Amino acid sequence: MEELVLFEKIENIQILKINRPKRLNALNRETVDLIDERIEEIKKDKEIRALIITGDHHFAAGADISDMIEKTPEEAKAFLFTNTFSKLEHIELPTIAAICGYALGGGLELALACDLRIASEDAQLGLPEINLGIMPGAGGTVRLPRLIGEAKAKELIYLGGRLTASEAYQYGIVNRVVKKEELMAEAFKMAKKLAEKAPLALRAAKEAILYGGDRTKTEALSRESEIWSGLFASQDQKEGMRAFLEKRTPQYQSK
Ligand code: DAK
């Protein structure tokens, strides 16, 4: 049987590819469990500097509907994606969703748990759960309104329609739109750029943004100062500033 999640490391970039083509990469329990296991592996691998999540032809057409149909409320609760998606959101390195084809329902929710999103021109994004008599339940009602504002998020969630890649760009869901054949190259190029930055500084910025998203402005500003000043204990801060003054490219050590 084909592996549901393909895992490939190119230099210091990890690529995680959902691989259930006959179901348009719909996420069943096994696939999400495998994504979870892979995230745990990435957390242990100190070489990795960025993660790209993608799928061939389609990102993911949502959670697997045939898996869900007969579930009781208790079973539906156990069919949980939230823990894995939150783990992904908090992983201490930058993450990119490279989206082609459908990114629907739980598929879009997976992409929303990434830091950045690149879409190819053929991508279609949406939260169609309302058309199935349910609502988004793996971060869609939480991450999307925070990302694009309530009005646009409510429109997508209540009407269950789909956005083209360029509409998703205008909404602020995706960072950029590229030609289909250039998707992986663009995602990789962005990942490489991220990999050249000081890892501790990137991690700190991510922590500050995540913390701030859950707190008041005053708490967020105070935490930002703490995290910021903490970076002055790192060799990379000295190296970054020294390299600037010496007019050379910094060599970061992640220390
Ligand atoms: N689940 C299962 N199978 C799916 C699927 C899905 N989400 N999407 C596509 N497929 C299957 C189709 O049934 C079809 O299978 P066969 O008939 O060949 O056996 C095959 O993939 C090809 O699909 P189509 O023939 O439909 O292809 P089309 O190009 O005509 O249409 C489509 C593509 C993406 C527009 C259409 O397939 C579609 O509307 N799919 C469903 C999209 C959707 O409604 N997604 C949202 C699912 S609900 C949770 C929280 C959240 C969630 C779960 C749990 N917890 C808190 C516990 C998330 C929920 C969702 O994502």
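Quick caveat, the model's predicted, so the values are computed rather than measured. Read the numbers this way: they start at 1 and go in the same order the structure lists the ligands and their atoms. What's counted below: heavy atoms across the whole structure, side chains too, no hydrogens, waters or symmetry copies.
- Within the structure, every pair that satisfies the ring pair (Phe, Tyr, Trp, His ring centres under 6.0 Å) test and touches residues 87-131, not counting sequence neighbours, is listed here: H58-Y102.
- Protein residues lining ligand 1, listed by chain and number: K22, R23, L24, A26, A61, G62, A63, D64, I65, M68, A76, F79, L80, Y102, L104, G105, G106, E109, P128, E129, L132, G137, A138, R162 [non-hydrogen atoms, distance under 4.0 Å].
- Around the NZ atom of K87, the shell of radius 6.0 Å holds more than 12 heavy atoms that belong to other residues, nucleotides or ligands.
- The list of ring pair (Phe, Tyr, Trp, His ring centres under 6.0 Å) pairs with a residue in residues 169-207, not counting sequence neighbours, is empty.
- A side-chain donor-acceptor contact under 3.5 Å links N28 and T31.
- No side-chain donor-acceptor contact under 3.5 Å links D236 and S234.
- Pairs engaging residues 195-244 under the ring pair (Phe, Tyr, Trp, His ring centres under 6.0 Å) rule: W228-F232 [sequence neighbours left out].
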